[in-house]
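To start, the structure itself, in structure tokens.
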Amino acid sequence: MSLRIDILTLFPEMFGPVLGTSIPKRAAEKGLVEYHLTNIRSFATDAHLSVDDKPFGGGPGMVMLCQTLFDAVEEVEKQDPRPATRILLTPQGRLFDQALAEELAKQERLLLIAGHYEGFDERIIQGLSSMELSIGDYILSGGELAAMVVVDGVVRLLPGALGAVNGAADETFADGLLEYPQYTRPREFRGMNVPEVLLSGNHKLIAQWRLEQRRIRTQHRRPDLWQAYLRKEKQKEQ
Ligand code: ADE
């Protein structure tokens with residue numbers, strides 16, 4: 001059974017190039033995933049096709065209306081009996097990470113809602129009991145790019161999406177460490193050499209060197225991940 005991903009957005013045209021390229025495209029061609037884009041504006045009910053309004057209490061910007069979003073979600077969900085995991089892209093949400101990508105890749109159906117303007121009416125979040133997801137501590141002008149990040153991060157984990165068997169199993173974050181440095185031809189480039197051990201043909205030594213590099217990198221670049229890794233290692237020992 002393939003994963004169905006619905007995306008509700010005011011700018012469906014933004015998604016074409018991303019979903020139509022590389023892994024997201026190949027995964028759809030292989031039948032691992034299907035994408036369904038819906039324009040929220042097609043559920044607007046007034047003559048101006050409004051999807052937002054001024055916030056109660058004043059303040060800058062506009063707020064997404066309840067009615068259009070509820071109508072859009074309910075209509076789209078009716079198109080398929082599989083229950084959808086509803087996800088709202090907002091900077092206030094839970095941070096998207098590899099563990100969550102793996103969780104989402106196991107679902108049957110995801111419904112991503114990309115907002116624009118200052119934000120959503122709080123009753124959208126409350127009433128749709130949707131998960132709020134953020135892709136990082138910065139503000140984008142809308143949820144579209146965030147939705148694309150989530151789709152890409154999830155789809156590449158679907159079994160068969162990547163070329164190699166287990167393609168995603170030994171990369172950064174799969175076990176909490178950053179990736180080791182990689183090299184390809186030539187052996188020397190502008191005075192910079194490929195580490196000898198990689199040319200040695202000794203697989204055991206290479207594996208040791210790579211693990212050591214991953215540990216050093218993680219310790220220096222991401223002390224937060226390093227501490228989490230150490231905690232996990234300690235738990236394993238107990
Ligand atoms: N919308 C605006 N900024 C965002 C972010 N950082 N993550 C998810 N959705 C967003």
Side-chain angles (χ1 to χ4, degrees), residues 3 5 18-19 21-27 30 32-33 85 87 89 91-107 110 112 131-140 145-238:
L3 168 67
I5 302 183
V18 169
L19 302 182
T21 309
S22 185
I23 305 281
K25 177 188 183 189
R26 285 223 315 267
K30 288 181 187 166
L32 307 175
V33 61
T85 299
I87 298 169
L89 286 313
Q92 280 84 39
R94 165 176 172 187
L95 269 182
F96 183 60
D97 61 10
Q98 195 60 28
L100 186 53
E102 277 161 23
E103 222 175 277
L104 296 179
K106 291 184 197 134
Q107 309 298 312
L110 304 177
L112 302 175
M131 172 196 288
E132 287 181 87
L133 259 197
S134 165
I135 62 156
D137 292 337
Y138 40 80
I139 310 291
L140 303 166
L145 289 168
M148 288 183 226
V149 166
V150 172
V151 169
D152 188 90
V154 168
V155 165
R156 62 190 295 288
L157 294 176
L158 297 175
L162 298 181
V165 183
N166 267 341
D170 70 343
E171 57 191 13
T172 292
F173 299 127
D175 61 4
L177 290 177
L178 299 180
E179 187 60 283
Y180 50 79
Q182 297 268 29
Y183 298 86
T184 184
R185 291 184 302 161
R187 287 178 175 214
E188 192 233 298
F189 180 73
R190 298 193 178 176
M192 298 177 282
N193 289 303
V194 174
E196 273 307 316
V197 59
L198 298 179
L199 310 171
S200 69
N202 184 329
H203 297 296
K204 196 168 163 217
L205 271 185
I206 292 172
Q208 275 171 5
W209 179 86
R210 284 181 166 164
L211 178 60
E212 187 55 20
Q213 293 296 314
R214 299 183 70 202
R215 294 167 64 96
I216 293 168
R217 280 195 160 183
T218 309
Q219 202 170 355
H220 288 133
R221 298 182 189 191
R222 291 292 302 274
D224 57 327
L225 293 180
W226 180 243
Q227 289 309 322
Y229 174 77
L230 290 181
R231 277 196 299 275
K232 236 170 62 190
E233 289 295 292
K234 221 175 177 174
Q235 268 170 10
K236 271 193 227 160
E237 280 165 26
Q238 281 164 3

If you apply the rule side chain to side chain contact (heavy atoms under 4.5 Å, CB included), what do you find for L89 with L145, and how did you get there? CA-CA 9 Å; L89 286 313; L145 289 168; over 6 Å; no

When you compare the side chain of [Y] with that of [X], does any pair of heavy atoms fall below 4.5 Å?
{"X": "V154", "Y": "Q107", "answer": "no"}
{"X": "V150", "Y": "I135", "answer": "yes"}
{"X": "I23", "Y": "L162", "answer": "yes"}
{"X": "Q208", "Y": "V197", "answer": "no"}
{"X": "V155", "Y": "I5", "answer": "yes"}

Output all residues satisfying ring-ring contact (aromatic ring centres under 6.0 Å, His included) with Y229, sequence neighbours left out; order by chain, then residue number.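 With sequence neighbours excluded, Y229 shows a ring-ring contact (aromatic ring centres under 6.0 Å, His included) to W226, given in chain and number order.
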
Residue list, side chain to side chain donor-acceptor pair (under 3.5 Å) with [X], at least two apart or on another chain:
{"X": "K236", "answer": "E233"}
{"X": "R231", "answer": "none"}
{"X": "E132", "answer": "T90"}
{"X": "D224", "answer": "R222"}

Which atom pair, heavy atoms only, marks the closest approach of [X] to [Y]?
{"X": "L178", "Y": "R217", "result": "CD1-O, 3.9 Å"}
{"X": "L177", "Y": "R215", "result": "CD1-CG, 4.1 Å"}
{"X": "A105", "Y": "L158", "result": "O-CD2, 3.5 Å"}
{"X": "A101", "Y": "G153", "result": "CB-O, 4.0 Å"}
{"X": "A27", "Y": "A161", "result": "CB-CB, 4.4 Å"}
{"X": "F96", "Y": "V149", "result": "CE2-O, 4.2 Å"}

Rounded distance (nearest 0.5 Å) linking atom [atom1] of [X] with atom [atom2] of [Y]:
{"X": "L198", "Y": "I206", "atom1": "CG", "atom2": "CD1", "answer": "6.0 Å"}
{"X": "L112", "Y": "L133", "atom1": "CG", "atom2": "CG", "answer": "8.0 Å"}
{"X": "R210", "Y": "Y180", "atom1": "CZ", "atom2": "OH", "answer": "4.0 Å"}
{"X": "Q227", "Y": "T218", "atom1": "CD", "atom2": "OG1", "answer": "11.5 Å"}
{"X": "L100", "Y": "M131", "atom1": "CG", "atom2": "CE", "answer": "5.5 Å"}
{"X": "E212", "Y": "L205", "atom1": "CD", "atom2": "CG", "answer": "12.5 Å"}

Would D152 and V18 count as a side chain to side chain contact (heavy atoms under 4.5 Å, CB included) if you check the C-alpha gap in whole Å, the side-chain angles of each, and the deciding distance to 0.1 Å? CA-CA 9 Å; D152 188 90; V18 169; 5.5 Å; no

Any pair with a residue in residues 185-207 that passes salt bridge (charged side-chain N to carboxylate O under 4.0 Å, His left out), sequence neighbours left out, goes on the list, sorted by first then second residue, please.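 Salt bridge (charged side-chain N to carboxylate O under 4.0 Å, His left out) check on residues 185-207 returns no pairs.
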
